Amino acid sequence: MSTKGNLLLSSNLLRSAAAISLLFVTSCGQRQTSQETIPDIDLVSTADDVANIELASAYSQDASWQLARGDVMARLQRAERPQAARNVILFVADGLSIPTIAAARIYDGQDRGESGVENVLSFETFPNVALVKTYNTDRQVSDSASTATAMVTGIKTRTGAISVAATQGFESCEQDTVMPWTLAEIAEDRGMASGVISTARLTHATPATMYSHSLSRGWETDGELPEIAVAAGCVDIAAQLLSFRSGDGVDVILGGGRRSFRPTEMGGVRTDGRDLVAEWRESGRGGVSVESAAEFRALPIDGTEPVFGLFSDSHMSYEADRDASEEPSLAEMTGFAIDRLSQNENGYVLMVEAGRVDHAHHGTNAYRALTDTQAFSEAIATAIERVDLDETLIVVTADHGHTMTFSGYPARGNPILGLVRTNDASNPGSTELSLTMADDGGPYTALGYQNGRNPRLDDSEPLTDEMVADTEFMQQAGFPRMSETHSGADVALYAAGPRAHNFGGSLEQNSVFHLMAYALDWHATTIENENLTE
Ligand SMILES: [Zn+2]
């Protein structure tokens, strides 16, 4: 069985307790044991050992026991892939905290009519998981610019910095200043293909770190640079896509943020009169630009020309609000990029950002955070179908977390966005569920925020089922803030493919870059500084 097959086996096993039951009927035999027997746990080293071993327990037919035994079997059959990766795909969901993953897993399962907790998101089938420390050089709780910079350049930097070092100031905008290399720049320099996808504006912090260097994440377009920055020769983020400094430039770039690339005369916000989309098309590479889902879907997947897709003026829609006739899904954009980029014989690097999990959290609207996470999971499923994990490393992570918590003892099957109803644990066997009340006499939801727009106040109206079922509902928050904040907690990282086994334990965020570079065999390379000037 191929290693790719193992991953699918593992996924199927996790998804289906029934399938595991069948496996164990054949492997466990009919041995009966008494409840008093102490489980006889041997050390096992091969899949055959696992298949043969009979743990002595009266509960060996229990579904959860069998699920766990199937999991052991799948893990023992996994093979490491020590060979170098040809391609790397970095999936980043902005603000995807661990509680968001847990809640989205349940939401996704309940969306299919299941109780939810048993569901597995696409990336949760990956064999390697790490915890990532997200602090930056000046804050315990970071922003997306500094955290994405850590992942794509290999250095930690300060809040707001886009692929520049914490020590760099206005002098760095001068022509001859050395900037940190980015994942996309190194790939292009080596003759690989590169791609950047985001549901946010393409000039927003995370995607911008791949192709630009800016002292401030706020300089998305020319009018946003302060005079001192203009005087120092700094260039806005959108314009830097045109002056990309290595190889032949980013090959596939898809997302939102048209306004920063267009002059005011054409409905954009640029004050310098430049139409960067036209300049990009006319830059000599034969690039194609598309601005609607229809134009995008009409592109042949075997085409070789660079593609620039801008599907909205600012951010693309939340998945819950997306009109599929106007904007492609994250999964569609991911599949297209993989098809296009994999034609390069030297391989590719691709960043795919679900940019708006973060925005929904800032607005304490858990519904849109969960539905955008569901779309993120679907995009990764598309990648798993398309690539060969013997040659493509897939890394799935977040830049930072948010303050959303998942708590309050809801019963299994309780709607994840609903009021908490639960069973009476002091009355075993009782299946009756009742509304759980806080000590102020009001009901509450399982998902809530440490801060945000909707603080729970003494005179607040008690929540009702109707209120929390509204897709615009803002979860309750501990203390008031117009924009809910990021969190400083570690985020999770999931990896599959060549050298994915090196992603494990507790990681510094900038180590993510170095582990991807190692997987690509870039570690034996000197990055030449003379090529760095813009
Ligand atoms: Zn944010």
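Here the structure is a predicted model, which means the values were calculated and not measured. Both counts, for ligands and for their atoms, begin at 1 and track the order of listing. Computation of the quantities below employed the complete heavy-atom set of this structure, encompassing side-chain atoms and omitting hydrogens, waters and symmetry-equivalent molecules.
With 2.8 Å as the limit, His361 does not count as an N, O or S neighbour of the Zn ion (ligand 1). The distance from the Zn ion (ligand 1) to the nearest N/O/S atom of Asp358 is under 2.8 Å.
Remark: Tyr409 OH is loosely packed, at most 12 non-hydrogen atoms of other residues, nucleotides or ligands lying under 6.0 Å away. By the neighbour-count criterion of 12 heavy atoms within 6.0 Å, atom CZ of Arg297 is densely surrounded, having more than that number from other residues, nucleotides or ligands.
Nearest approach of Gly408 to Tyr444, heavy atoms of both residues: O-OH, 3.2 Å.
Under the 6.0 Å cut-off for aromatic ring centres, Phe336 and Phe296 qualify, their centroids lying closer than that.
Take the Zn ion (ligand 1) as the corner point: the lines to NE2 of His486 and to NE2 of His362 open at 100°, to the nearest 10 degrees.
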